[in-house]
*Asks:* 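Please read through the structure below; I'll follow up with questions.
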Amino acid sequence: MEIRTVTYQCPNCNAALEYNNALGKFKCLFCDSEFTEEDIKQNFTRNENADLSQQNLEAERAAARDEANRQAEEFSGASALYTCPNCGAGVICDSLTASTRCHFCHTPVILTGRLSGEFKPDLIIPFAITREQAEQTFKEYCKGKFLLPRGFRSEAQIQNITPLYVPYWLKSGSVDAHLEAEGKKIRSWRSGDTRYTNTKIYNISRSGEMVFVRVPCDGSRRIDDSMMEAIEPFNYTGIKKFSMSYLSGCGAEKYDVSAAEAAQRIDQRISDAAVEVLKSDISGYSSVTEKSRSISYRNQTTVYGMLPVWFLNYTYKGKDYPFVVNGQTGVRFGILPVSGIRRFLMGLGLFVVIGALLTLLGGVIFG
């Protein structure tokens with residue numbers, strides 16, 4: 001099977017183009033030329049509009065397809081799936097992706113084949129945080145943490161930080177929420193040597209209709225859900241219709257969690273949030289205990305989007321320690337390794353210092 005890719009190169013010098021969110025334009029990495037999104041569409045009509053299907057017969061029929069099918073097919077032809085031979089991660093890349101290593105374990109990857117059109121996203125949020133900013137965020141995160149292994153904050157490690165578009169399912173709609181709870185009012189007083197406690201119990205009901213917009217759930221099993229939730233929220237005012245040009249110079253993880261699977265987690269998040277809103281309307285009680293809830297979902301829609309994350313992974317003694325930065329807002333989260341040798345040396349140092357202080361103190365007292 002022939003694998004073809006598309007390129008987004010500077011019309012002036014033929015170097016790679018990358019989207020610069022600060023400028024709101026595409027910028028050449030070599031000659032610093034800048035191009036608007038309209039310039040890109042005009043200069044790269046073939047990349048954005050050409051049917052890149054491998055079957056000649058399919059190419060002949062492309063003109064008769066509707067717009068949605070044509071776009072799905074062009075994405076299929078304009079992207080390729082790289083599979084890591086070590087951890088099995090599937091990564092969507094265009095022909096300008098600079099990284100030749102897996103963004104999870106840094107193992108060299110191999111090209112295995114073309115993606116099907118179902119993996120074409122609907123929406124994308126371009127990167128706003130630059131590589132320099134992401135690296136500085138990592139350095140600041142490591143400051144003062146003396147128990148880190150030496151290699152964790154080395155320049156070689158920092159250079160492995162990778163711009164990655166993470167697949168997300170985004171669900172919108174409305175709910176009718178109902179909460180049944182038990183409230184207690186407790187009053188205590190003392191009379192003489194006796195303490196009295198009076199407890200009044202109330203049944204509480206709260207209901208409300210709520211609208212939710214683009215509640216997210218990442219679509220990759222390899223990326224920990226709680227880690228992705230830790231760098232939320234994303235600012236949806238920066239969302240754009242998906243275009244392959246935004247992937248230039250970046251990787252993009254292929255989703256392996258279906259929309260139906262993601263819906264279960266999203267619905268739970270919506271249910272919990274709705275109940276918290278209803279609880280916020282309850283006051284004047286010593287305690288409130290939820291008894292039951294009823295959540296009815298209406299007018300639901302789900303879209304597939306790519307959201308930007310800077311991703312860095314460090315393997316220490318057979319265990320992975322990820323560090324991630326929200327590529328739009330700069331919010332960070334990481335799990336840090338602890339060097340056994342450094343912990344031992346620190347403990348030994350504290351033991352020596354405490355011993356010396358005790359010896360000094362004993363000499364002062366008994367000297």
Side-chain angles (χ1 to χ4, degrees), residues 65-76 79-84 87-93 103-104 112-125 164-179 208-234 236 239-242 244 247 251-277 292-309 311 322 324 326:
R65 294 174 181 165
D66 60 32
E67 182 66 13
N69 287 337
R70 183 186 62 76
Q71 289 184 358
E73 189 66 25
E74 81 183 45
F75 178 77
S76 172
S79 57
L81 173 61
Y82 292 79
T83 299
C84 174
C87 72
V91 184
I92 304 170
C93 298
H103 46 261
F104 288 108
T112 59
R114 189 185 297 272
L115 292 168
S116 62
E118 67 183 285
F119 295 107
K120 181 182 183 297
D122 303 301
L123 306 169
I124 191 169
I125 295 180
L164 174 67
Y165 280 107
V166 175
Y168 270 85
W169 295 106
L170 308 171
K171 190 173 183 180
S172 302
S174 61
V175 295
D176 290 321
H178 180 76
L179 171 67
E209 181 181 345
M210 306 174 200
V211 175
F212 55 95
V213 179
R214 291 173 181 160
V215 179
C217 177
D218 77 83
S220 173
R221 299 186 194 280
R222 303 179 190 282
I223 303 179
D224 185 77
D225 292 333
S226 60
M227 183 172 67
M228 291 295 97
E229 291 175 9
I231 61 173
E232 291 179 9
F234 287 87
Y236 292 138
I239 209 161
K240 296 179 180 292
K241 184 178 179 180
F242 180 80
M244 276 294 296
L247 295 187
E253 176 73 359
K254 163 183 169 291
Y255 79 77
D256 55 4
V257 175
S258 69
E261 291 178 277
Q264 297 179 23
R265 183 173 180 84
I266 294 175
D267 287 350
Q268 186 61 52
R269 297 186 70 181
I270 294 171
S271 175
D272 293 341
V275 168
E276 287 303 313
V277 171
S292 64
R293 67 174 69 177
S294 174
I295 309 293
S296 299
Y297 298 88
R298 298 188 291 109
N299 306 320
Q300 299 182 81
T301 59
T302 302
V303 296
Y304 174 39
M306 289 289 190
L307 306 188
V309 178
F311 194 99
V324 291
N326 185 312

*Asks:* Can you sort out the partners of Pro233 under side-chain contact (heavy atoms from CB on, under 4.5 Å), two or more places apart, ordered by chain and number?
*Replies:* none
*Asks:* Does the side chain of Leu170 come within less than 4.5 Å of Tyr236's, by heavy atoms?
*Replies:*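 A side-chain contact under 4.5 Å exists here.
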*Asks:* Do Ser292 and His178 have side chains that approach each other closer than 4.5 Å (heavy atoms only, starting at C-beta)?
*Replies:* no
*Asks:* Can you give me the closest heavy-atom contact between Asp256 and Arg221, atom names plus distance?
*Replies:*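 Minimum heavy-atom contact is OD1-N, 2.9 Å.
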*Asks:* Kindly determine whether Phe311 and Val166 satisfy side chain to side chain contact (heavy atoms under 4.5 Å, CB included), including the steps that lead there.
*Replies:* CA-CA 10 Å; Phe311 194 99; Val166 175; over 6 Å; no
*Asks:* Answer yes or no: is there a donor N or O on one side and an acceptor on the other, between the side chain of Asn326 and the main chain of Ile231, under 3.5 Å?
*Replies:* yes
*Asks:* List the atom of Arg269, the atom of Pro216, and the distance in Å for their closest heavy-atom pair.
*Replies:*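 Residues Arg269 and Pro216, closest heavy atoms: NH1-O, 3.0 Å.
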*Asks:* Quick check: closest heavy atoms across Arg214 and Ser172, and the distance to 0.1 Å?
*Replies:*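 For Arg214 and Ser172, the tightest heavy-atom pair comes out as N-OG, 2.8 Å.
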*Asks:* Any side-chain heavy atom of Tyr255 sitting closer than 4.5 Å to one from Ser220?
*Replies:*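 No, every pair of side-chain atoms sits at 4.5 Å or beyond.
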*Asks:* Using side chain to side chain contact (heavy atoms under 4.5 Å, CB included), reason through Gln300 and Asp267 one step at a time and then give a plain yes or no.
*Replies:* CA-CA 11 Å; Gln300 299 182 81; Asp267 287 350; 3.8 Å; yes
*Asks:* Taking only residues two or more places apart in sequence or in another chain, which ones pass salt bridge (charged side-chain N to carboxylate O under 4.0 Å, His left out) with Asp224?
*Replies:* none
*Asks:* Can you check side chain to side chain contact (heavy atoms under 4.5 Å, CB included) on Phe212 and Lys171, steps first, answer last?
*Replies:* CA-CA 8 Å; Phe212 55 95; Lys171 190 173 183 180; 4.2 Å; yes
*Asks:* Counting distance only, does the side-chain N/O of Asp122 pair as donor-acceptor with the main-chain N or O of Tyr304 below 3.5 Å?
*Replies:* yes
*Asks:* Write down the atom of Ile125, the atom of Pro308, and the distance for their closest heavy-atom approach.
*Replies:* O-CD, 3.2 Å
*Asks:* I'd like to know if the side chain of Asp176 and the backbone of Ser296 have a donor-acceptor N/O pair within less than 3.5 Å.
*Replies:* no
*Asks:* Is the shortest distance from a Lys or Arg side-chain nitrogen in Asp218 or Arg265 to a carboxylate oxygen in the other one below 4.0 Å?
*Replies:*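 No, Asp218 and Arg265 are not salt-bridged.
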*Asks:* Is there side-chain contact between Leu307 and Met228, with at least one heavy-atom pair below 4.5 Å?
*Replies:*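 They are not in side-chain contact.
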*Asks:* Please find the pair of heavy atoms, one from Ser271 and one from Ile295, that lie closest to each other, and give the distance.
*Replies:*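 Minimum heavy-atom contact is OG-CG1, 3.5 Å.
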*Asks:* Give a yes or no answer on whether the side chain of Trp169 reaches the backbone of Glu261 with a donor-acceptor pair at less than 3.5 Å.
*Replies:*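 Side chain of Trp169 to backbone of Glu261: no pair is present.
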*Asks:* Just to verify, what does Phe234 make a ring-ring contact (aromatic ring centres under 6.0 Å, His included) with, not counting sequence neighbours?
*Replies:* Tyr168
*Asks:* Does Asp272 reach the side chain of Arg293, with side-chain heavy atoms less than 4.5 Å apart?
*Replies:*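 Side-chain contact under 4.5 Å: yes.
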*Asks:* Check step by step if side chain to side chain contact (heavy atoms under 4.5 Å, CB included) holds for Phe242 and Leu123.
*Replies:* CA-CA 5 Å; Phe242 180 80; Leu123 306 169; 5.9 Å; no
*Asks:* Ignoring hydrogens, what is the shortest heavy-atom contact between Asn299 and Ser174? Give both atom names and the distance.
*Replies:* ND2-OG, 3.7 Å
*Asks:* How far does CZ of Arg298 sit from CE of Met210, to the nearest 0.5 angstrom?
*Replies:*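 Result: 12.0 Å between the selected atoms.
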